[in-house]
K.L.:
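Have a look at this one.
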Amino acid sequence: MIALSTLLLILLPLTACHVKVHLHARADNATASSAASDQPKESTAPCVRGNNIGSIYVTQPNISSYVFVGNNAIVEWRYSPNVKNKPKTVDIIVYRESNPTTSQTVIVGGLDVSNGATAWRWHVNQLPAGVYKLHILGKKVAVIGAAGGIGQPLSLLLKLNPNVSSLSLYDLVNTPGVAADLSHINTNSKVKGFKGADSLGEAIAGADVIVIPAGVPRKPGMTRDDLFNTNANIVQSIGKAIAQNAPKAHVLIISNPVNSTVPIIAETLKKAGVFDPRRVFGVTTLDVVRASTFVSDIKGTDASKTKVTVVGGHSGVTIIPLLSQTGINFTQEEIEKLTHRIQYGGDEVVKAKDGTGSATLSMAQAGARFTNSLLEALEGKKGIVEPTYVYSPVAAKDGVAWFSTNVELGVNGVEKIHPLGELSEYEKKLYAEAVPELQKNIKKGEEHANKA
Ligand code: NAD
Ligand code: LMR
């Protein structure tokens, strides 16, 4: 039996979404060289050590790495008495550091602290030796339009995501059923359904991430812009609710036309004085997902490893695949065919669904991928890059304020916007075609938001 360890971590203030860890630690029988004092330290930097079982340190506000070589330990977490806004529940999992997404997670605790508890303790038994992470599950994700064609499979994928602790499902219809159904899945997040406009504020309050697939989809013969009249008002009302109830949330917009709905939400947040360009994202992931698939279809590459940068916006000519940057050789004919297929991939699905909607399942996967990348970045994982339509300097010289390129995500959302890189002559032509369309789409969205 390996010696037990006691660790005290003081968390200030631990809300479900913005966890600032100011901690001090104490380890019984400490032997680690980087011994921390028993006095509270206000720091987010590593400052805790363990005893002969290894060390614990905070790598990011709500993640600690915990190294131990035995199969039995005690872990304690404790709030400082002056913590405000304690969460009602706190769940902690411990997982193998080597592969947090696929390795088996071991539940260390799930604690109801609504009765005012300030400290709690778990016995961790029967873990093989190794390096683990203690993870306070603190991220709340809300899905708006959760009962829809995208909303349901997206919510399912998020229910399976260990980075989500609280899943809030909002729609005008059917969310109680969707939430009840998903709540039976034995993952560690809590699911709650909210139905009807009166419950939107509660659904999103305290959310770290709000994903919006609310609104009508296309039918054959329609452009995405044809959805504007209906979806503009839907996203604007959601934007108003976010400004009031979750002004610090990261907002991921799936509803079409993305080129315009994103500026609508941004302008709505601006009017309320809470716009932060690092936290508003148009979800364009499906374009790169498709591009990888279509390129691999003709080149026989592994689709899951084929990376294609796609920039611009999310409709027709505004979708600009940068095939010259893939490192794969294409004939001009292949380039033109692939470009067209990537630009109009959405139409293939709309046509095949024959009036019953547009892409839902591939979109759910793409949306879940982007949401997960953001959650990982928010928790401090470095080097996470995803394409997304953001407030960007990249095309600003051409009068285009919102533009999708690869973006490095970080603890505050947008961390670094990648430039376009070198373009072929053909791609320069595509860019020139995209610019006036993007200008028009963005202006339309901004004017809509500002006329009310
Ligand atoms: P859907 O009709 O199946 O579902 C939409 C859901 O939104 C419905 O459940 C509806 O009740 C709900 N809704 C409507 N108004 C609402 C409101 N005010 N508040 C909350 N919920 C509301 O449609 P879908 O197939 O899921 O598509 C949703 C949107 O996503 C469409 O606009 C579609 O064009 C878009 N989309 C975008 C991408 C992309 O790549 N960004 C991909 C596919 C679809
Ligand atoms: C897509 O690209 O599949 C979506 O934008 C839905 C659509 O209308 O094509």
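Worth knowing before you read on, the calculation uses all heavy atoms, side chains too, and leaves out hydrogens, waters and symmetry mates. Whatever order the structure lists ligands and atoms in, that order sets their numbers, starting from 1.
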K.L.:
Distance under 4.0 Å to a non-hydrogen atom of Y170: what atoms of ligand 1 satisfy this?
P.N.:
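Taking each heavy atom of Y170 in turn, ligand 1 has 19 (N), 20 (C) under 4.0 Å.
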K.L.:
Counting distance only, does the side-chain N/O of T388 pair as donor-acceptor with the main-chain N or O of V390 below 3.5 Å?
P.N.:
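No, the answer is negative, given that no donor and acceptor are paired below the 3.5 Å cut-off.
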K.L.:
Just how far is it from atom CH2 of W402 to atom CG of N441, taken to the nearest 0.5 Å?
P.N.:
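Answer rounded to 0.5 Å: 14.0 Å.
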K.L.:
Please state which option from D171, L154, N256 has its nearest heavy atom closest to atom 9 (O) of ligand 1.
P.N.:
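Nearest heavy atom to atom 9 (O) of ligand 1 lies in D171.
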K.L.:
Using a heavy-atom cut-off of under 4.0 Å, does the side chain or the backbone of L227 touch ligand 1, or both, or neither?
P.N.:
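It is the side chain that gets close, since no backbone atom is under 4.0 Å.
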K.L.:
Side chain, backbone, both or neither: which part of H314 has a heavy atom under 4.0 Å from ligand 2?
P.N.:
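The answer is the side chain.
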K.L.:
Under a 4.0 angstrom heavy-atom cut-off, which atoms of ligand 1 come close to V283?
P.N.:
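Ligand 1 atoms under the 4.0 Å threshold to V283: 40 (O), 41 (N).
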K.L.:
Does V216 approach ligand 1 within less than 4.0 angstrom via side chain, backbone, both or neither, non-hydrogen atoms only?
P.N.:
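The part of V216 near ligand 1 is the backbone, not the side chain.
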K.L.:
Apply the test side-chain hydrogen bond (donor to acceptor under 3.5 Å, both in side chains) to residues H314 and D287: give CA-CA distance (whole Å), side-chain angles for both, the deciding distance (0.1 Å), then the verdict.
P.N.:
CA-CA 8 Å; H314 178 68; D287 297 318; 2.8 Å; yes
K.L.:
Looking at F370 versus F281, is the centre-to-centre ring distance below 6.0 Å?
P.N.:
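F370 vs F281: aromatic centres under 6.0 Å.
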K.L.:
Numbering the atoms of ligand 2 from 1, which are under 4.0 Å from a heavy atom of G346?
P.N.:
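Those of ligand 2 that fall under 4.0 Å from G346 are 1 (C), 2 (O), 3 (O), 9 (O).
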K.L.:
Which atoms of ligand 1 have any heavy atom of A359 under 4.0 Å away?
P.N.:
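Answer for ligand 1: 43 (C), 44 (C).
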K.L.:
Of all the atoms in ligand 1, which lie at a distance below 4.0 Å from a heavy atom belonging to N231?
P.N.:
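Once the distances to N231 are compared, the set is 32 (O).
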K.L.:
Exactly one of L158, L154, N372 should register a side-chain contact (heavy atoms from CB on, under 4.5 Å) with V141. Which one does?
P.N.:
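For V141, the side-chain contact (heavy atoms from CB on, under 4.5 Å) check succeeds only for L158.
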K.L.:
Counting each atom of ligand 1 from 1 as listed, which ones have a heavy atom of T360 under 4.0 Å away?
P.N.:
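Selected atoms, number and element: 25 (O).
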K.L.:
Nearest 0.5 Å please: distance from the CG atom of N231 over to the CD atom of Q236.
P.N.:
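Between atom CG of N231 and atom CD of Q236 there are 12.5 Å.
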K.L.:
List the closest protein heavy-atom neighbour of atom 4 (O) of ligand 1: residue, atom name, distance to the nearest 0.1 Å.
P.N.:
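Ranking protein heavy atoms by distance from atom 4 (O) of ligand 1, first comes G148 CA, 3.2 Å.
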K.L.:
Counting non-hydrogen protein atoms only, what is the nearest one to atom 9 (O) of ligand 2? Give residue, atom name and distance.
P.N.:
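Answer for atom 9 (O) of ligand 2: R218 NH2, 2.6 Å.
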K.L.:
Between ligand 2 and R290, can you find any atom pair, the residue atom being a heavy atom, that is separated by under 4.0 Å?
P.N.:
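Yes, R290 has heavy atoms under 4.0 Å from ligand 2.
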K.L.:
Flag yes if more than 12 heavy atoms outside N329 fall under 6.0 Å of its CG atom; otherwise flag no.
P.N.:
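Result for CG/N329: open.
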K.L.:
Show me which atoms of ligand 2 lie under 4.0 Å from any heavy atom of A359.
P.N.:
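Atoms satisfying the 4.0 Å criterion: 3 (O).
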K.L.:
Give the numbers and elements of all ligand 1 atoms closer than 4.0 Å to a heavy atom of G149.
P.N.:
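In order of number, 1 (P), 3 (O), 4 (O), 26 (O).
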K.L.:
Could you go through the side-chain contact (heavy atoms from CB on, under 4.5 Å) check for M222 and L227 one step at a time?
P.N.:
CA-CA 8 Å; M222 291 172 81; L227 302 171; 3.7 Å; yes
K.L.:
Suppose we measure from atom 16 (C) of ligand 1 to each protein heavy atom; which comes out shortest, and what is that distance?
P.N.:
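Here the closest protein heavy atom is L172 CD1, 3.6 Å.
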K.L.:
Considering the heavy atoms of I254, write down every atom of ligand 1 situated less than 4.0 Å from one of them.
P.N.:
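Answer for ligand 1: 30 (O), 35 (C), 36 (N), 37 (C), 38 (C), 39 (C), 41 (N).
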K.L.:
What protein heavy atom sits nearest atom 2 (O) of ligand 1, and how far away is it?
P.N.:
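Protein heavy atom with the smallest distance to atom 2 (O) of ligand 1: P217 CD, 3.5 Å.
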K.L.:
Can a non-hydrogen atom of S237 be found less than 4.0 Å from any atom of ligand 1?
P.N.:
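No; S237 lies far enough from ligand 1 that no heavy-atom distance drops under 4.0 Å.
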K.L.:
Verify the distance criterion only: is there a donor paired with an acceptor across the side chains of D225 and T223 at less than 3.5 Å?
P.N.:
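On atom types as modelled, these side chains do not qualify, holding no pair under 3.5 Å.
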K.L.:
Which of the atoms in ligand 1, numbered in the order shown and given with their element, are less than 4.0 Å from a heavy-atom of A147?
P.N.:
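Heavy-atom distances to A147 below 4.0 Å select 9 (O).
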K.L.:
For ligand 1, note which part of H314 has a heavy atom under 4.0 Å away: side chain, backbone, both or neither.
P.N.:
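H314 to ligand 1: side-chain contact only, backbone stays beyond 4.0 Å.
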K.L.:
Distance to 0.1 Å, residue and atom name: give those for the protein heavy atom nearest to atom 22 (C) of ligand 1.
P.N.:
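Ranking protein heavy atoms by distance from atom 22 (C) of ligand 1, first comes A214 CB, 3.7 Å.
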K.L.:
What part of P213, side chain, backbone, both or neither, has a heavy atom within less than 4.0 angstrom of ligand 1?
P.N.:
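Within the 4.0 Å criterion, P213 contacts ligand 1 through backbone atoms alone.
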K.L.:
Using a 4.0 Å cut-off to any heavy atom of S358, which atoms of ligand 2 qualify?
P.N.:
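In order of numbering, the contacting atoms are 6 (C), 7 (C), 8 (O).
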K.L.:
Counting only heavy atoms, which portion of V349 has something under 4.0 Å from ligand 2: side chain, backbone, both, or neither?
P.N.:
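The answer is neither.
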K.L.:
Just to check, does G357 reach to within less than 4.0 Å of ligand 1 when the distance is taken from its heavy atoms?
P.N.:
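Contact absent.
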K.L.:
Do me a favour and list the nearest non-hydrogen protein atom to atom 18 (N) of ligand 1 with residue, atom name and distance?
P.N.:
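Nearest protein contact, heavy atoms only, for atom 18 (N) of ligand 1 is I234 CG2, 3.5 Å.
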K.L.:
Pick one of side chain, backbone, both or neither for how N256 approaches ligand 2, counting any non-hydrogen atom pair under 4.0 Å.
P.N.:
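Near ligand 2, N256 shows its side chain, while the N, CA, C and O stay back.
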K.L.:
Looking at ligand 2, does any of its N/O atoms fall within less than 3.5 Å of an N/O of R224?
P.N.:
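Yes: some nitrogen or oxygen of R224 is under 3.5 Å from one in ligand 2.
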K.L.:
Hey, is K353 touching ligand 2 through its side chain, its backbone, both or neither, going by heavy atoms under 4.0 Å?
P.N.:
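The answer is neither.
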K.L.:
Among all protein heavy atoms in this structure, tell me which lies nearest to atom 44 (C) of ligand 1, with the distance rounded to 0.1 Å.
P.N.:
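Atom 44 (C) of ligand 1 sits closest to the protein heavy atom I150 CD1, 3.3 Å.
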K.L.:
Would you check if the side chain of Y389 reaches a backbone N or O of N259 as a donor-acceptor pair within less than 3.5 Å?
P.N.:
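Yes; at least one donor-acceptor contact below 3.5 Å.
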K.L.:
Nearest protein heavy-atom contact for atom 7 (O) of ligand 1: which residue, which atom, what distance?
P.N.:
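Sorting protein heavy atoms by distance from atom 7 (O) of ligand 1 puts G215 N, 3.3 Å first.
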K.L.:
Record the part of V258 in heavy-atom contact with ligand 1 below 4.0 Å; permitted values are side chain, backbone, both and neither.
P.N.:
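Looking at V258 and ligand 1, just side chain atoms fall under 4.0 Å.
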K.L.:
Establish, for the pair K444 and F228, whether the NZ or CZ atom is under 6.0 angstrom from the six-membered ring centre and no further than 45 degrees off its axis.
P.N.:
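Yes, K444 sits over the ring of F228.
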K.L.:
For the side chain of T187 and the backbone of K159, is there at least one donor-acceptor N/O pair under 3.5 Å apart?
P.N.:
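Yes: the side chain of T187 pairs with the backbone of K159.
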K.L.:
Could you check D297 against R341 for salt bridge (Lys or Arg N to Asp or Glu O under 4.0 Å), going step by step and ending with a plain yes or no?
P.N.:
CA-CA 12 Å; D297 278 353; R341 191 166 181 214; 3.6 Å; yes
